[in-house]
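See structure below.
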Amino acid sequence: MSPSDILAIEKKWQDRWSSQKAAFVDTTAPDSRGTYLLVMLPYPSGDRLHVGHARTYFLTDALHRFYRQRGRNILCPMGWDAFGLPAENYAIERGIHPRESTLANIAAMKEQFQNWGVLYDWSKEVTTCEPEYYRWNQWFFLKMLEKGLAVRKKAPVNWCPSCETVLANEQAEGGICERCKNRVVQKELEQWFLTITKYADSLLSGLDSLDKWPEKVRVMQKNWIGRSVGADLKFDLPSLGESLWVFTTRPDTVFGVTALFVAPEHPMVPRLIENHPDRAGIEAWVSKVRNSDRIEREAETTEKEGRDTGIRARHPFTGAEIPVWIANFVIADYGTGALMAVPAHDDRDFAFCTKYSLPIVEVIRRPASADSSIACWTGEGTMVNSGRFDGLTSEAGREAIANEAASGGFGGPQVRYRLRDWLISRQRYWGTPIPVVYCDACSWVPVPESHLPVVLPKDAPFTGKGGNPLTKVESFVKTPCPKCGGPARRETDTMDTFVDSSWYFLRYLDPENSARPFDGDVARRWMPVTQYIGGIEHAILHLLYARFFSRVLKDLGLVEVEEPFAALFNQGMITRMSPSGRIEKMSKSRGNAVSLDPLIAEKGADTVRTYVLFLGPAEAEAVWSDEGIAGAERFLTRVRSVAARFLDGGTDPAARPAVADTPAARRRHKTVRLVTASFERFSFHTAVAHLMEFAREVADLLADPVADPGEKATSLRTLIALLHPVAPHLAEELHERMGGTQSLLSGSWPEFDPALAEEDTVVFAVQVNGKLRGQLTLPKAAAESEVLAAAEAHEPVARWLAGKERVKTIFVPGRLLNLVVR
RNA sequence: GCCGGAGUGGCGGAAUGGUAGACGCAGGGGACUCAAAAUCCCCCGGCCCUCUGAGGCCGUGAGGGUUCGAUUCCCUCCUCCGGCACCA
């Protein structure tokens, strides 16, 4: 068959699947329910999708088709994460409006999906940059405002000078902008936040129920949430008539406190230094620290620095006077932004106090077994120099001190999280307008629900200068105050695009709904998502936000489930040798991407799909090799020629086997069992391997002139049906030529008989002292005595038994006999 | 540093307590062909042997352990990859 024939057949089936709406599911029908298979929605980028991207879609499609063949009612939708910075930057560079380029990209990607033969229920398509979608972002925002879950507050935030916007904590990990990889700087700004921290405990404990999520992702989320158990303690500042709160995980070391450290951003800093003789010098130092970039400031290697405020605090237990310092390493928005320094038992405090010659007091005696050369003991031990607490273990001490603080009214047990509130304001055009109006008289006022959507104005000056183009669209900015009717200004910040992806899977279920974001009853029947598939890069960001949204929606009474994704699968990335000589993630910018379109035009989508699935375990990284595809190509060619030979031979394609139990039937049943199990455990590469093996067996069977015609036809039909998830075009075509009148997509998966799926004769391994000494072909059901008799009569085994005393015999039915001799 | 994951032929990998290397790539040999391509068949971890065999020994990062039997379970170590990292 020529390449053009192959492509023509692929086109024929693609057209047929799409015209017959093969993937359509009526989710809104009163009793509809089923399996929800979801793949992370793509960002419609201007670059065409390459091989590295395709893996997710191919394996999702294989599952989708497999489950359809097995008769499940399965929903697999697709949509577009259409807001985002690249489109806006493109507008600045090329003068093409983001909407225009985005819609063009969507059309191009959709065509690619069509050419790959991947099936989606396009009637559910969601495009997040459309007002019909983002109006519900605005609606959720208003609901969250009502509930106090959306708040405007001043906080230290990450500002990316290159993207000219603030970023959420999750999007500025390690002080690097997640998008452009530039360094971010700290700024103190008033911004909109979603109070994800209110759900910290629920987000953490919910992880335990996600037993079908990769352990890795759960651990990453757990660490990100960062729950710490300890105590809050109050230190009075008698000279100011105020007090300073600290959080510590080690209340047992409280008697070793020799200083308090506050963050340069701490609100009390101005008061602490107002009477300091070198106030100007300290202020200069504070602002220098505050303006430094995060990566520099948070690096562990950064030199610890501080300034003594001159203010003294009173130790709540000893009454001692201890100095209050401003320290550069104290993080403002963690805990209380202040901490108690215990240099004897904390490495950081030790480094700081040594540098500034602050006293070091040991209050935890290390266990006798511990290394005595370590200057700063941060482990557990026994309390000493701690008054009446002496002798307590660290563990008991933590509780005792915290309780003492509680009863004394100067603190108590406390749990703190590393997680920060989700900063959603973005000073960019291409996003969901935040539905708020600023009025001189009324402060900020929410846009009334009835005025939604606040539509993003089409015309905006994309100059790349002077920040957000939205601020320059007067017709958008100027608006009457919804409360007093006076002149007011609209909020020009837009929402983080992760808001869009936090609930799109709910909109898929009911995309036409114009009265509500989605129907609650539909959501009740289709949530949670049965299987979610996507890249590990979203382990924290998207998956955490979506889990947060689900909780909020549950509290709003819109959904019933707290966890939106029952099972998660992260496919491994595809790598390839770069021009630099390294094996790297496939990407256009690294110059190692393999374009899909030409490859498909040359070899057909089925071949590319088969090879990509065959590369290796789907969850592991896979190295692409240009030569390897030959194997997939040969395999499909063999299937074609085997089928052609059969069809030319004039045997009835619908024939059934005359006898149920034949060696060929056993191989067939076994293959069905193996391939079914492989798909069930996402082992696509072994599924293909079993199919390759079976294709050879079928070829041999068809070449056998005396074989049962019914067996031949059935084996070939089985091969075709099993091949469908991997190479659907070829499978559908051969199925049709074999007389199939209905698509393989509906309920065509072959059943297997467990009794026939096992070989009836097997090769028994005979071991002597655990070493293989012979192989005996015997009935699978052979009893121990039969195998033993055969083994003893078997010369190579007998040789090892001669003159030895038999100590023990281990028999594994159907597998092996091990004779232990002395 | 802490937390995950992984180390198996020339290469991708299979086998999760029971015959290590399924399936495929690359390589070698053969058939077909005037020839080539394609296709088909065979071989393909290393070493050893005057019993060339239904032969022996070694072999799944290294070392130890449990077991009749370990790629698989346990301990120690090495290497690589990923994540987090001044969060008190």
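Letters A, B, ... mirror the listed sequences (proteins, then strands); counts begin at 1.
In plain terms, the two heavy atoms of I364(A) and G379(A) that are nearest each other are CG2-O, 4.2 Å. Taking each heavy atom of A727(A) and T610(A) in turn, the nearest pair found is CB-OG1, 4.0 Å. S228(A) and T249(A) make their closest contact through CB-CG2, 3.8 Å (heavy atoms, listed as atom of the first residue, atom of the second, distance). Across all their heavy atoms, A632(A) and T607(A) have their closest contact at CB-O, 3.8 Å. In terms of heavy-atom proximity, W245(A) sits nearest to K234(A) at CZ2-CD, 3.6 Å. Nearest heavy-atom pair, I574(A) versus G52(A), reported as atom, atom and distance to 0.1 Å: CB-CA, 4.0 Å.
Every residue was checked against the ring pair (Phe, Tyr, Trp, His ring centres under 6.0 Å) condition with F635(A), not counting sequence neighbours, and none meets it. In this structure P359(A) satisfies the side chain to side chain contact (heavy atoms under 4.5 Å, CB included) test together with T258(A), sequence neighbours excluded. Legend: residues meeting side-chain hydrogen bond (donor to acceptor under 3.5 Å, both in side chains) with W325(A), ordered by chain and number and at least two apart, are absent.
Less than 4.0 Å separates RNA chain B from at least one heavy atom of each of the following residues of residues 606-619 of chain A: F614(A), L615(A), P617(A). Of the residues in residues 215-224 of chain A, K216(A), V219(A), M220(A) come within less than 4.0 Å of RNA chain B through at least one heavy atom, sorted by number.
The side-chain heavy atoms of I629(A) and L599(A), taken from C-beta on, include a pair separated by under 4.5 Å. For the pair P323(A)/L358(A), a side-chain contact is recorded, criterion being any heavy-atom separation below 4.5 Å from C-beta on. The side-chain heavy atoms of I225(A) and L544(A), taken from C-beta on, include a pair separated by under 4.5 Å.
Between K355(A) atom NZ and C86(B) atom C1' the separation is 14 Å, expressed in whole Å. Distance R667(A) CZ to A22(B) C1': 16 Å, rounded to the nearest Å. Taking atom CH2 on W624(A) and atom C1' on G24(B), their separation rounds to 14 Å, with Å as the unit. Following rounding to the nearest Å, E584(A) (CD) and G82(B) (C1') show an atom-to-atom distance of 15 Å. Distance L636(A) CG to G24(B) P: 13 Å, rounded to the nearest Å. The separation between F247(A) atom CZ and A88(B) atom P is 6 Å, rounded to whole Å. Note: CZ (R227(A)) to P (C3(B)) measures 20 Å, nearest angstrom. Rounding to whole angstrom units, CD1 of residue I536(A) and P of G83(B) are separated by 10 Å.
Shown here is K355(A), whose NZ atom has more than 12 heavy atoms of other residues, nucleotides or ligands within 6.0 Å. Within 6.0 Å of NZ in K222(A) there are 12 or fewer heavy atoms belonging to other residues, nucleotides or ligands. More than 12 heavy atoms of other residues, nucleotides or ligands shown are found within 6.0 angstrom of CD on E792(A). When the shell of 6.0 Å around NZ of K780(A) is examined, it contains more than 12 heavy atoms from other residues, nucleotides or ligands.
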Output a table of nitrogen or oxygen pairs between the protein and nucleotides 66-71 of chain B separated by less than 3.5 Å.
{"from": "C68(B)", "atom 1": "OP1", "to": "K808(A)", "atom 2": "NZ", "distance (Å)": "3.2"}
{"from": "C68(B)", "atom 1": "O2", "to": "N818(A)", "atom 2": "ND2", "distance (Å)": "2.3"}

Can you check nucleotides 37-40 of chain B for protein contacts, nitrogen or oxygen pairs under 3.5 Å, and list what you find?
{"from": "C40(B)", "atom 1": "OP1", "to": "R638(A)", "atom 2": "NE", "distance (Å)": "3.1"}

Please tabulate the protein-to-nucleotide N/O contacts below 3.5 Å involving nucleotides 55-59 of chain B, giving atom names and distances.
{"from": "G56(B)", "atom 1": "OP1", "to": "R773(A)", "atom 2": "NH1", "distance (Å)": "3.4"}
{"from": "C57(B)", "atom 1": "OP1", "to": "R773(A)", "atom 2": "NH2", "distance (Å)": "3.2"}
{"from": "C57(B)", "atom 1": "OP2", "to": "R773(A)", "atom 2": "NH1", "distance (Å)": "3.1"}
{"from": "C58(B)", "atom 1": "OP2", "to": "K771(A)", "atom 2": "NZ", "distance (Å)": "3.2"}

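At a threshold of 4.0 angstrom between heavy atoms, the contacts of V797(A) with the nucleic acid are absent. When heavy atoms are screened at a 4.0 angstrom cut-off, R418(A) is found touching base atoms of the nucleic acid. Contact annotation for R681(A): backbone-only contact, meaning every heavy-atom pair under 4.0 Å involves sugar-phosphate atoms and none involves a base. Nucleic acid contact for T249(A): sugar-phosphate only, since backbone atoms but no base atoms lie under 4.0 Å from a heavy atom of the residue. Among the protein residues, V763(A) comes within range of the nucleic acid bases, having at least one heavy atom under 4.0 Å from a base atom.
Sorted by first then second residue, the salt bridge (Lys or Arg N to Asp or Glu O under 4.0 Å) pairs that include residues 324-335 of chain A, not counting sequence neighbours, are D333(A)-R420(A). Pairs of residues two or more places apart, or lying in two chains, that qualify as salt bridge (Lys or Arg N to Asp or Glu O under 4.0 Å) and include a residue from residues 245-262 of chain A are R250(A)-D252(A), D252(A)-R398(A). The ring pair (Phe, Tyr, Trp, His ring centres under 6.0 Å) pairs that include a residue from residues 786-813 of chain A number zero, where partners must be two or more places apart or lie in different chains.
Taking the P atom of each, A20(B) and C25(B) are spaced 25 Å apart, rounded to whole Å. Between G17(B) and G27(B), the distance separating the two P atoms is 38 Å to the nearest Å. Rounded to a whole angstrom, the distance from the P atom of G83(B) to that of U72(B) is 28 Å. Annotation: U60(B) and A22(B) have their C1' atoms spaced 15 Å apart (nearest Å). A gap of 16 Å separates the C1' atoms of G21(B) and C43(B), to the nearest Å. On the C1' atoms, C80(B) is 31 Å away from U67(B), given to the nearest whole Å. Straight-line distance between the C1' atoms of A88(B) and G63(B): roughly 41 Å, to the nearest whole Å. Taking atom C1' in both C11(B) and G7(B), one finds a spacing of 15 Å when rounded to whole Å.
Where V762(A) and D349(A) each meet RNA chain B at their nearest nucleotide, the meeting point lying more 5' is that of V762(A). Residues D700(A) and I629(A) both approach RNA chain B. Their nearest nucleotides, taken by heavy-atom distance, put I629(A) toward the 5′ side.
Against the 90° criterion about 0, the sugar-base torsion of G55(B) places it in the anti range.
Distances from the side chain of K304(A) to the nucleotides A88(B), C86(B), G24(B) place C86(B) closest.
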Notebook entry, point to check: So what is the 5' to 3' dot-bracket string for RNA chain B, if pairs are Watson-Crick or G-U wobble with both distances under 3.5 Å, crossing pairs use [ ] and | means the partner sits on another strand?
Noted result: (((((((..(((.....[....))).(((((.......))))).(((((...).))))..(((((..]....))))))))))))....
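A cation-pi arrangement is not found for K304(A) relative to F352(A), the charged atom failing to lie both closer than 6.0 Å to the ring centre and inside a 45° cone about the ring normal.
Using the six-membered ring where Trp is involved, F235(A) and H315(A) have ring planes that are perpendicular, over 60° apart on the 30 and 60° scheme.
For A88(B), one of the phosphate oxygens OP1 or OP2 lies less than 4.0 angstrom from a side-chain nitrogen or oxygen of S228(A). Between H685(A) and A14(B) there is a side-chain polar atom (N or O) within less than 4.0 angstrom of OP1 or OP2.
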